[in-house]
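The structure appears right after this line, and notes come after that.
First listed ligand is number 1; within each ligand, the first listed atom is number 1.
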Amino acid sequence: MASTQAFPHAALAGKRILLGVSAGIAAYKSAQIIRLIKQAGGEVRVVLTDGAQAFITPLTLQALSGEAVRTSLLDPQAEAGMGHIELARWADALLIAPATADLIARLVHGLADDLLTTLSLACEAPRLIAPAMNQAMWRHPASQRNAAQLDHDGWQVIGPAAGEQACGDVGPGRMSEPEEIVDALARHLTPAAHTPDAQRPHVVITAGPTREALDPVRYLTNQSSGKMGYALAAAAVEAGCRVTLISGPVTLATPAGVERIDVESARQMHDEALRLAPSAALFIGCAAVADYRAEHPAEHKIKKTQGVDTLTLTLVKNPDIIADVAALDAPTRPFVVGFAAETQDVAHYAGEKLSRKRLDMVVANDVSHAGLGFGSDDNAALLIWRAGADVDQQSAAPQPKTALARLIVGKALSLIDSTAETM
Ligand code: C5P
C-alpha cells in the first residue's frame with residue numbers, strides 16, 4: 001500500500017518507538033516494521049516476550065534497531081542501564097506487533113507478569129496494537145470482547161486483516177501489513193493540533209438517521225444510532241483532518257475536535273452536504289437517509305376520524321445526497337465514500353452501488369448478522385474501491401466500530417494520496 005502524502009512517515013522523524021513483539025508467526029514482520037520506522041528517522045527499542053524468541057531472535061532485531069533488545073523484566077544488567085519504568089517513559093509511542101490472543105487477554109486484565117505487560121501498564125504515551133491469530137481464535141467472543149476492551153482502554157487496535165493464514169485457514173486474524181501498521185503509527189503521531197486548519201484535509205461526514213415530519217408531532221425515521229458516523233469523525237480528527245459532521249438526531253456526544261451541524265430532514269442534510277462538499281477532500285455518506293418523505297406534512301396534528309380505519313399518506317422521494325455530491329464536477333468534487341447495508345450478495349450489490357452512484361469507495365456490511373451493524377458497537381465490512389477501470393476490495397473482520405472507522409479513513413486517505421501521486 002502506498003504511504004500517505006498527507007500523513008507521511010516524516011511524522012516519525014526523531015520519534016522514540018517502543019516495539020513489543022509477542023509469539024506469533026507474524027513476528028518475522030516486525031523486522032520490516034523496524035526498518036520502516038528507522039527509514040523515517042525514528043528510534044526503535046524492542047521488547048520480546050519469551051514466546052516471541054521462538055519465532056525471531058533478539059540478535060536479528062538488535063542488528064536492525066541498533067539497540068540492545070530487552071527480553072526480561074528481572075534482568076539486573078539491563079535494569080542497571082535503562083530500568084523498565086525509564087524505558088516506558090522514554091517512549092513517544094508503544095507499538096505491539098504482533099499481539100497474540102494471550103498477550104491481549106493479559107493486557108485487558110492489567111497483568112504485569114513480564115516485561116512487555118509491565119511496560120504496557122507503565123507507558124503513558126499513545127499505545128497501538130496489531131493483533132495476529134488464527135481466524136477462529138479472533139472470532140471467538142472472548143477475543144472480540146478483549147479487543148473492544150483494549151479499544152475502550154485507549155489502545156489503537158490496528159487490523160487484523162483477513163486472508164490466508166499460516167495455519168492454512170482463510171479469514172480474519174492475520175496481522176496487518178507492516179506498511180499499514182507504520183502508516184497508522186505515523187498518523188497517530190502527526191501533530192495535527194499544530195497544523196493550521198487550512199492545511200488539513202477537510203472531511204465532511206453525514207451520520208445518523210433523518211427525521212421526516214408527517215405533522216408537527218409525528219415523523220418517519222429509522223434505527224440508525226449514528227455510532228459508525230461518529231466513530232468516522234473521531235478517526236478523521238485522529239488522522240489530522242478538519243472534520244465537519246452533518247448529523248441527524250442522535251444521542252451521542254460530539255467527538256473532540258469535530259464541528260457538528262445538526263439537521264433533521266433529508267433535505268436539510270442535502271443542503272448542508274452540498275454547501276460543504278465542494279471544500280472537502282473527502283466526503284463520507286454514513287447517514288441512513290430516509291428514502292421518502294411526506295409530500296405534504298400536515299400543518300396541524302393529524303386527527304383520528306370517527307368511523308375511518310385507514311389513513312393514506314403520499315410519500316415522495318428524497319434527494320440522493322451522496323449521488324449529488326458525487327456528481328459535482330472537478331475540482332470541487334471530493335473523494336466520495338458511501339455505505340451499503342446488504343443482507344445478501346454483499347460484494348455484488350456494493351459494486352453495483354459504486355458504479356450507479358458514481359462513488360469512489362463503498363463500505364458494505366452484511367446487516368443480517370446478529371450483533372453487528374445497526375445500533376451495535378461492532379461492525380464487519382467489505383471495502384470496495386475503484387482501481388483504474390477495475391475495482392479492488394479488502395474485507396475487514398468484525399471489530400469495534402472505532403477500529404473499523406480508522407481503517408476506512410486510513411484507506412480513503414491513502415487512496416486520495418495515491419490518486420494525487422498519479423496525476
Ligand atoms: O441507496 P442506499 O440508501 O442503499 O445507499 C446508501 C448510501 O447512500 C449511504 O452512503 C447513504 O448515506 C447514502 N444516501 C444518501 N442519500 C439518500 C440515500 C442514501 O446520501 N437519499
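- In terms of protein heavy-atom proximity, atom 16 (N) of ligand 1 is closest to Ile321 N, 3.0 Å.
- Ligand 1 has no N or O atom lying under 3.5 Å from any N or O atom of Val337, backbone or side chain.
- Residues Asn318 and Asp291 have side chains that never bring a donor and an acceptor to within less than 3.5 angstrom of each other.
- In terms of protein heavy atoms, atom 11 (C) of ligand 1 is closest to Ala287 O, 3.3 Å.
- A salt bridge links Glu238 with Arg406: the distance from a Lys NZ or Arg NE/NH1/NH2 to an Asp or Glu carboxylate oxygen falls below 4.0 Å.
- Between Asp320 and ligand 1 there is a heavy-atom distance shorter than 4.0 Å.
- His300 and Asp215 share no donor-acceptor pair across their side chains, judged by distance under 3.5 Å alone.
- No side-chain donor from either of Glu212 and Ser265 sits under 3.5 Å from a side-chain acceptor of the other.
- Judged by distance alone, with hydrogens and angles left aside, the side-chain atoms of Asn379 form no donor-acceptor pair with the main-chain N or O of Gln399 at under 3.5 Å.
- For ligand 1, none of its N or O atoms has an N or O atom of Thr206 under 3.5 Å away.
- Each of the following atoms of ligand 1 lies closer than 4.0 Å to a heavy atom of Gly285: 9 (C), 10 (O), 11 (C), 12 (O).
- Residue Ala288 has no nitrogen or oxygen atom sitting less than 3.5 Å from a nitrogen or oxygen atom of ligand 1, judged on distance alone.
- For ligand 1, the atoms closer than 4.0 angstrom to any heavy atom of Gly338 are 10 (O).
- Not one N or O of Val289 is nearer than 3.5 Å to an N or O of ligand 1, by distance alone.
- Between atom CH2 of residue Trp385 and atom OG1 of residue Thr419 there is a gap of 12.0 Å, rounded to the nearest 0.5 Å.
- Residues Gln149 and Arg145 bring no donor and acceptor atom of their side chains to less than 3.5 Å of each other.
- Of all the atoms in ligand 1, the ones that sit under 4.0 Å from a non-hydrogen atom of Lys353 are 1 (O), 2 (P), 4 (O), 5 (O).
- Distance from atom 6 (C) of ligand 1 to its nearest protein heavy atom, with residue and atom name: Phe339 O, 3.0 Å.
- In this model, a donor atom of one side chain and an acceptor atom of the other lie less than 3.5 Å apart for Arg260 and Tyr230.
- Checked by atom type, the side-chain pair His202/Thr244 shows a donor-acceptor distance below 3.5 Å.
- Checking only distances, Ala340 never comes within under 3.5 Å of ligand 1, N or O to N or O.
- Residue-level proximity to ligand 1 for Lys357 is carried by the side chain, the only part with a heavy atom below 4.0 angstrom.
- Distances from ligand 1 to the non-hydrogen atoms of Pro319 include at least one value under 4.0 Å.
- Interatomic distance, Asp114 CG to Thr49 OG1, rounded to the nearest 0.5 Å: 7.0 Å.
- Every atom of ligand 1 with a heavy atom of Ile322 under 4.0 Å away is listed here by number and element: 8 (O), 10 (O), 13 (C), 15 (C), 20 (O).
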